[in-house]
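Scroll down for the structure; my scribbles are underneath it.
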Amino acid sequence: MSPTARSKPAAKPAAKPTAKPAAKPAAKPTAKPAAKPKLAIFGAASCGGCDIAIVNIHEHILEVAAAFDIVLWPTVMDGKYSDIEAMEDGEITITLVSGSMRTDETVHLSKLLRRKSKFMVAFGSCASEGCIPGLANLTPRKEILDTAFSTSSTDNPDGIRPVWEFEAPEGILHLPEFEPMLRTLDQVVDVDYTIPGCPPESEQIWAALQAVVAALKGTGPLPPKGSILGAGESTVCDECARKRDVKKIDRFVRIQQVAAFDPEICLLEQGLPCNGPATRNGCGALCPSVSAPCIGCYGAAEGVVDYGARLMSAYASVIEATKPEEIDKILDGIPDPAGQFYRFSLAGSLLRGSRSAWQSDGE
Amino acid sequence: MTAEHNHLPVEGEIRIGVYVCHCGSNIAGVVDVAEVAKWAAENLRDQGVVVARDYKFMCSSPGQELVTDDIKEYGLNRIVVAACSPHLHEKTFRTATARAGLNPYLCELVSIREQDSWVHTDKAAATVKAKAILAGGIERVRRNEPLEPMTVDINPATLVVGGGIAGISATLEIADAGFKVYLVEKDASIGGHMAQFDKTFPTLDCAACILTPKMVTAGNHPNVELLTWSEVEKVEGYVGNFTVTVRKKARYVNEDLCNGCGVCQEKCPKKVLDEVFEAGLGYRKAIYTPFPQAVPRTPVIDRPNCTYFEKGTCKACEKFCETNAIDFAQEDTILTLDVGNIILATGYDLFDARKMQQYGYGHLPNVFTSLEFERLSNSAGPTNGAIVLRDGVTEPKSVAIVHCVGSRDKNHNTYCSAICCMQSLKFAHLVKEHTEATIYDFYIDMRTPGKGYDEFYQRIMEEGGIFVRGKPAEITDVARAPEEEGKLIIQVEDTLIGRQRRFPVDMVILSSALEPRADAKELAVRFGISCSFDGWAIEKHPKLDPVATMTEGVFIAGCVSGPKDIPASVAQGAAAAARVLGMIQQKRMKLEPIKATVNAEHCSGCRICNTMCPYNAISFDDALGVSSINAAMCQGCGTCVAACPAGAIFGSGFSDEQVLAQIEGLMSVGADGLPQRRSAFPATHDEATQEAVRA
Amino acid sequence: MSDYLYYPGCSMEGSGRSYRESLEGICEPLGISLREIDDWNCCGATEYVSLSTTPAYAMIARNLALAAGEKKDGESLVAACSACYLNLAKADHYMAQQPAFNARVNDALGAGGLHYDPGTVKVRHLLEVILNDVGLEAVKAAVKKPLTGLKVAPYLGCMVPRPDIDGSYTNHEQPDDLDRLLRALGAEVVDYPLKTECCGGHMTQVAPKLGLELIRRLVAEAERREAVMMVTVCPMCQINIDAYQGEMNAMFHTKHKMPIVFFTQLMGVAFGLDPKKVGVGREYTNASKALVKALKAAPEQALVAAGAAPARRPRPDKRALPMPRMADSEVEE
Amino acid sequence: MTTQAPEAPAPVEVVAPAGTFEPVIIGFTCNWCSYRAADLAGTARVKYPPNVRLIRLMCSGRLDPTFVLKAYAEGADAVLVSGCHPGECHYIEQNYKAMRRFQLLQRTIEALGIEPGRLQLVWASAAEGVRLANEIARVTEEVRALGPLNWPAADLVDLDTFSLEKAWEATGGDVEGPPKAPAGANPDHPKEAAK
């Protein structure tokens with residue numbers, strides 16, 4: 001494959017017309033399969049917020065239940081992996097994967113579900129770009145485990161660490177291995193659609209599901225492979241009610257440093273590093289509307305290769321200083337650049353994480 | 001692969017033709033061009049390379065025909081030529097591509113000469129680099145889009161900055177051709193340095209006699225608007241459509257009323273040392289015209305030195321002015337000029353000889369600079385042409401002329417000031433002509449290129465100057481021997497006889513270097529041209545395009561780009577004028593279609609980009625809440641493209657896709673010529689990754 | 001208090017005692033302290049280096065090696081005698097420039113169990129330290145008795161600041177560093193173009209006529225320029241011009257009486273020290289009288305006298321042409 | 001092209017003797033100054049190490065941090081950014097933006113464990129061919145001292161691909177363009193209204 005095929009823009013061909021599969025004539029309704037389409041909702045390394053967001057579509061959930069035969073949704077109903085394994089390839093019509101690829105178990109199941117599903121959807125920030133858990137990619141696995149298993153709150157005098165294989169009297173137990181680096185869904189399997197957000201806004205979820213249902217009924221068009229569903233193509237500012245002027249930033253402040261911000265004016269113009277300009281719209285600019293800066297959970301705008309790079313470029317461009325030392329003084333207002341620019345998108349970014357994380361090579 | 005094709009601007013299969021130039025042995029001598037072509041053909045098929053050739057001289061017409069024929073025969077829709085710098089031949093090959101009916105912007109020229117064969121000696125390494133550069137060009141060209149240059153009207157009016165001989169010549173050429181010229185001069189009169197001279201080498205015709213007529217013509221030419229005592233403050237816009245802001249400093253004399261009778265200058269009680277025109281050797285009044293033949297004849301009041309402005313009383317000039325032209329209330333006026341082209345002819349400054357303390361200028365009264373001597377020998381000068389010592393009466397019995405003062409000197413300027421040798425010879429002649437003095441001429445090398453120049457040198461030698469090859473170490477008034485008492489002594493190594501010698505003389509003339517104007521760098525920034533470290537303006541091409549700059553529509557003439565004599569300056573003035581007239585005749589011209597455009601769908605109106613454009617091409621539409629870019633005003637720098645956090649600004653010609661792909665291409669070849677060996681991110685139990693790692 | 005390593009050299013012990021005494025006097029007001037390097041030896045003076053390079057430079061470098069051993073962070077090595085300064089600086093410079101030479105010298109040093117890496121010690125002359133580290137403002141501030149009206153001829157000789165190895169001086173063609181320092185003391189500095197000409201060096205020994213002629217030029221010119229004394233930075237110059245003036249007068253039948261003192265002595269006096277304490281009066285041609293006269297001058301005229309600017313020369317004739325305006329430091333008004 | 005040249009390369013291509021590390025450095029140049037400086041270095045036959053591969057931008061202001069990160073991600077050992085000297089930008093002031101992005105990017109890559117020495121900024125006017133050559137030599141040596149960066153390749157994992165078309169035929173629907181994703185909470189946004 002050519003390097004371009006590997007590059008991120010290639011992975012998000014959404015806007016490009018040639019992305020569409022060759023046009024096919026609408027098939028006759030009779031051609032529709034009798035059985036209800038099957039739906040799987042799988043939470044990998046996730047906080048469960050995505051599931052709550054789905055349930056949060058209120059009574060519409062019933063319409064979903066009516067439209068689909070839900071074959072897997074560990075959060076709300078019992079389900080066995082074996083049942084999935086038993087299925088035909090492609091038997092599941094659509095699978096929503098929330099959460100990121102953190103253990104070899106999640107990787108394995110994602111691959112399994114991919115095989116069994118017609119459509120694979122990266123659901124929410126974790127699955128699509130790594131989200132907060134992705135920040136673990138700044139640290140070698142060993143350090144993460146050390147921290148997790150030797151904090152003051154942990155009672156672990158012998159400094160025991162988890163083992164991935166354990167010889168029990170009953171035989172060898174395999175535990176899900178915590179992988180050296182966290183990955184996004186599309187770094188593990190082929191993904192058809194992405195629904196961004198941490199979590200995705202419920203009305204957006206419903207809109208997306210409706211689109212899919214309509215498509216399945218043949219009454220609506222099928223979104224082209226790689227489409228971002230349930231979000232806009234612009235950025236949060238597009239939906240932000242705050243008044244915007246030209247940007248001239250002479251300082252960056254952290255929200256706790258300022259008593260009150262002007263409720264009318266763009267937060268960035270007030271020195272608060274708001275990620276809105278670079279973050280895909282769809283949330284309705286919730287955070288800025290309550291004077292909290294956008295932290296970027298909806299990920300990058302349409303066609304953007306690296307979220308953090310875009311945001312860095314934007315911030316740096318509007319700094320009001322021409323002398324290196326002045327510039328540095330202003331930049332000191334952003335004490336944690338990696339966290340500021342890659343809070344949600346680190347695992348999905350060009351570099352995916354820090355050098356120490358991958359150099360430690362799992363140790 | 002499919003995903004990748006989504007990024008192709010042109011439907012259908014990519015068919016690339018690759019052409020590797022030998023450039024005689026310039027490239028082939030270091031880079032294995034045949035190997036590079038072969039490699040491309042074999043390894044880059046999947047990138048769409050259909051045909052790859054190497055050829056002796058791609059820029060030759062048979063070379064270009066290779067391209068045009070292949071386009072037809074193989075149905076190529078992309079071209080990559082690996083040869084010299086795009087600044088040299090990009091146009092050539094894009095034109096060829098267009099001849100074959102393909103959009104010229106689907107052709108890329110990558111430099112394997114300036115950036116490879118000429119700067120590396122290790123053939124293997126250079127060949128590897130050539131492959132990488134080529135691969136980069138190929139990946140890039142895949143993303144190239146067919147572009148259409150936009151055309152703009154050329155405003156037929158022209159701005160000429162600097163009223164010296166170069167500027168005047170340019171002005172007259174254009175004005176005579178029937179087009180409007182604004183001639184801006186910072187001093188009170190046009191004429192420049194040449195007006196200060198008495199004679200000009202090698203013909204020795206009087207400077208005033210040949211200059212004044214041109215000044216007068218420029219002064220009353222119907223097509224020329226003379227703006228003396230004025231300075232350009234701001235330049236906006238782009239080729240064909242510049243908007244220039246000019247500050248017309250207050251003269252305190254109404255130009256319309258003044259008839260130039262000059263009575264005000266007679267009556268003005270305030271005598272001022274004239275450090276500009278008289279080079280500090282003479283005086284003028286507080287209200288003055290720099291010299292009798294000044295154009296315009298309207299004088300100016302030198303505010304800091306005017307008694308009225310100082311003390312609030314006097315107004316002698318006003319009392320005696322018959323036309324009531326004096327206007328103490330006058331203020332600076334700001335003019336806005338619309339012009340299509342600009343010619344910079346801002347000339348030079350003279351090296352400050354005080355910097356070479358060992359020559360005693362400023363300490364030793366009878367050491368003079370070349371400009372001082374020009375005034376001294378000028379019949380209209382402070383001594384009416386009498387060549388005398390600083391005391392104003394004594395005629396020198398011996399005169400030393402020192403070349404290369406501040407030139408060819410690593411402590412000051414390393415370059416040769418070009419005119420000093422001839423100027424010094426002229427001085428030698430003038431001294432001979434007006435006095436009985438013996439002449440000593442101290443030179444490093446005698447440089448007399450140019451028509452009739454060396455003949456002039458021969459003539460001066462026959463007139464009997466004493467020429468000493470050597471750069472004086474010191475000029476002092478400290479005598480060692482009785483014959484040196486009261487004299488200036490030149491201490492010098494005579495490099496022809498290899499001995500230290502001392503020459504006692506009465507007068508010394510320092511042929512000082514020509515330097516860029518003190519404000520040369522600011523000037524360059526103001527007009528968007530670049531200048532060398534010294535401050536001389538840089539030509540578009542030193543040999544092939546000496547009067548153009550890298551900025552479309554801004555031309556240079558005369559000493560602004562380096563020391564020149566009068567003939568050269570005049571020629572350059574005319575040459576620049578010819579270039580401008582050419583543009584005016586076209587009426588409209590094509591602009592590089594390298595522009596930024598906003599995708600309104602993606603623009604969120606965050607206004608980050610609004611402060612990015614120094615040309616104010618970006619505006620914000622409050623109603624739609626989106627920013628947009630004026631294509632004509634956009635200069636294509638791409639800063640806003642990089643700044644847009646939403647990736648909503650597209651930079652044609654240098655799009656993200658193009659650059660990112662070029663990076664991939666460049667990186668696809670390792671330093672050892674093999675494909676980059678890469679490991680994968682660690683993922684313990686992932687079979688696929690394990691495989692990849694093993695691979 | 002900034003600290004420096006200090007290399008005195010032989011003359012500070014003998015002929016140049018007044019240099020040493022005055023230097024010791026001014027350190028405190030200038031806020032500098034000098035630490036003499038232990039067990040220092042001859043700097044090679046002017047003869048040895050021209051006889052036998054490696055041993056000569058080994059001998060010189062020994063001092064550098066010792067200094068390197070004693071050196072604290074940021075300390076540089078100061079020499080007051082220009083010959084000492086130049087030899088030490090040259091040794092360091094050549095060793096840095098020529099690896100082979102460096103090796104040879106270090107071989108020799110090795111025999112004595114020493115080693116020196118060129119560049120470890122920065123060798124500087126006292127004058128440059130005072131100008132660049134202390135600064136003229138600090139000097140002005142320390143002045144208690146401005147030398148108003150004292151017309152002096154600044155005389156540097158040939159070794160400072162030439163060759164200006166690391167470009168610490170304003171201008172090595174026509175250095176005005178000493179001029180500026182003396183002006184800061186309130187003295188009136190005459191324009192003295194011979195400030196870098198030869199003092200005769202050892203010509204007084206090998207070719208007396210020539211040596212004395214060189215001295216005559218200096219003295220005569222200083223007198224012609226109405227200087228009441230010469231001021232130098234070099235013990236060799238001082239002793240030549242001072243001690244041989246008698247012989248010179250005898251040879252050329254002249255009656256010059258031109259005292260020459262070290263700049264540090266004038267600094268001491270200006271800083272209010274007792275002239276005797278800073279060695280004034282030790283010179284053969286006594287400088288005391290001129291000084292006393294100067295010290296009588298009213299303090300309110302302090303620091304106004306700048307060097308004789310040509311602009312102030314009386315114009316012999318109305319028709320005379322104006323002189324070019326000079327750089328600020330020397331413009332009147 | 002990693003996966004595309006399995007055939008053994010001609011020996012002549014192997015220039016770096018086994019063991020010695022030859023860094024690959026991507027250089028971004030400004031069309032008006034540093035790229036011309038590179039041309040000048042060529043015309044003057046100034047020699048410098050072949051490790052730097054230049055990309056021409058119209059202005060250092062075009063430099064998008066994405067390009068730099070991309071270079072690392074593609075295996076570059078370092079990135080050289082060059083432009084007109086401050087105050088001498090062909091586009092008046094754009095190189096200041098480049099400077100600011102550079103300084104911010106420096107901080108971010110450091111947080112990601114990349115030495116600052118792997119991202120260098122060099123000002124070079126069109127007249128400074130020699131200077132640029134020297135800077136390139138210097139940077140090359142510094143990076144050689146730092147050793148390889150070797151960022152892992154992004155997608156060597158074979159994604160088990162799945163034919164959307166086939167899946168779609170099975171469900172039997174038509175294939176028009178995607179439904180316009182709702183623009184979010186503000187449907188009466190002028191831009192929406194304008195449609």
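The shown structure was predicted, so the numbers you read here are calculated from the model rather than taken from an experiment. Letters go in sequence order (proteins before strands), and every chain restarts at 1. These numbers come from the heavy atoms of this one structure, side chains and all, not from hydrogens, waters or symmetry mates.
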Exercise. Can you see which heavy atom on B:P614 is nearest to which on D:E93, and at what distance?
Key: CB-OE2, 4.0 Å

Quiz item: Which heavy-atom pair separates D:K97 from B:T639 by the least distance, and what is that distance?
Solution: CD-CG2, 3.9 Å

Quiz item: With sequence neighbours excluded, what pairs up with B:Y238 under the ring pair (Phe, Tyr, Trp, His ring centres under 6.0 Å) test?
Solution: none

Quiz item: Most heavy-atom pairs under 4.5 angstrom with chain D, which of B:T551, B:T121, B:I594?
Solution: B:T551

Exercise. Sort D:R101 into side chain, backbone, both or neither according to what part of it lies under 4.5 angstrom from a heavy atom of chain B.
Key: side chain

Self-check item: Between CG on residue B:D656 and OG1 on residue D:T66, distance to nearest 0.5 Å
Solution: 6.5 Å

Quiz item: For the residue pair B:S85 and D:Y35, what are the closest heavy atoms and their distance?
Solution: OG-CE2, 3.8 Å

Quiz item: Most heavy-atom pairs under 4.5 angstrom with chain B, which of D:E128, D:R36, D:M58?
Solution: D:R36

Quiz prompt | Portion of D:L40 that has a non-hydrogen atom of chain B nearer than 4.5 angstrom | solution = neither

Quiz item: Side chain, backbone, both or neither: which part of D:V24 has a non-hydrogen atom closer than 4.5 Å to chain B?
Solution: side chain

Quiz item: Side chain, backbone, both or neither: which part of D:K47 has a heavy atom under 4.5 Å from chain B?
Solution: both

Quiz item: Side chain, backbone, both or neither: which part of B:L666 has a non-hydrogen atom closer than 4.5 Å to chain D?
Solution: both

Quiz item: Of all heavy-atom pairs between D:G42 and B:V119, which one has the smallest distance, and what is that distance?
Solution: CA-CG1, 3.7 Å

Exercise. May I ask you to list the residues in residues 26-33 of chain D that approach chain B closer than 4.5 angstrom, counting heavy atoms only, ordered by number?
Key: D:I26, D:F28, D:N31, D:W32

Quiz item: In terms of heavy-atom pairs under 4.5 Å with chain B, which of D:G75, D:A38, D:A73 leads?
Solution: D:G75

Quiz item: Contact part of B:A643 toward chain D, heavy-atom cut-off under 4.5 Å: side chain, backbone, both or neither?
Solution: both

Quiz item: What part of B:T549 is in contact with chain D, defined as an atom under 4.5 angstrom from a non-hydrogen atom: side chain, backbone, both or neither?
Solution: neither

Exercise. Hey, could you give me the CG/CZ distance between B:D116 and D:R53, rounded to the nearest 0.5 Å?
Key: 10.0 Å

Quiz item: Relative to chain B, which segment of D:A98 carries a heavy atom at a distance below 4.5 Å: side chain, backbone, both, or neither?
Solution: neither

Quiz item: Side chain of B:H120, backbone of D:Y48: donor and acceptor closer than 3.5 Å?
Solution: yes

Quiz item: What's the shortest heavy-atom distance between B:A642 and D:L63, and which atoms?
Solution: CB-O, 3.7 Å

Practice problem: Give, for atom OG of B:S111 and atom CZ of D:R56, the distance between the pair rounded to the nearest 0.5 Å. | Solution: 10.0 Å

Quiz item: Is chain D contacted by the side chain of B:N26, its backbone, both, or neither, given a heavy-atom distance below 4.5 Å?
Solution: side chain

Practice problem: Mind ranking D:P50, D:C59, D:A127 by heavy-atom pairs under 4.5 Å with chain B and telling me who comes out on top? | Solution: D:P50

Quiz item: Can you check whether B:F654's main-chain N or O pairs, donor with acceptor, with D:R62's side chain at less than 3.5 Å?
Solution: yes

Self-check item: Among the listed options D:P152, D:G61, D:A71, D:A76, the residue most often paired with chain B at heavy-atom distances under 4.5 Å
Solution: D:P152

Self-check item: Approximate separation, where rounding is to 0.5 Å, of D:E74 CD and B:S668 OG
Solution: 9.0 Å

Quiz item: So which heavy atom on D:I55 is nearest to which on B:I663, and how close?
Solution: CD1-CG1, 3.5 Å

Practice problem: Would you please test D:D64 and B:V641 for side-chain contact (heavy atoms from CB on, under 4.5 Å) and show each step? | Solution: CA-CA 8 Å; D:D64 180 337; B:V641 182; over 6 Å; no

Self-check item: Interatomic spacing from CG in B:L88 to CG in D:D39 - rounded to 0.5 Å
Solution: 8.5 Å

Exercise. Determine the sole option in B:C637, B:C640, B:C613 for which the side chain to side chain contact (heavy atoms under 4.5 Å, CB included) test with D:Q94 is passed.
Key: B:C637

Exercise. Answer yes when D:R45 and B:E114 have at least one side-chain N-carboxylate O distance shorter than 4.0 Å, and no when they do not.
Key: no

Quiz item: Among B:K129, B:H87, B:M667, B:Q635, which residue forms the greatest number of heavy-atom pairs with chain D at distances under 4.5 Å?
Solution: B:H87

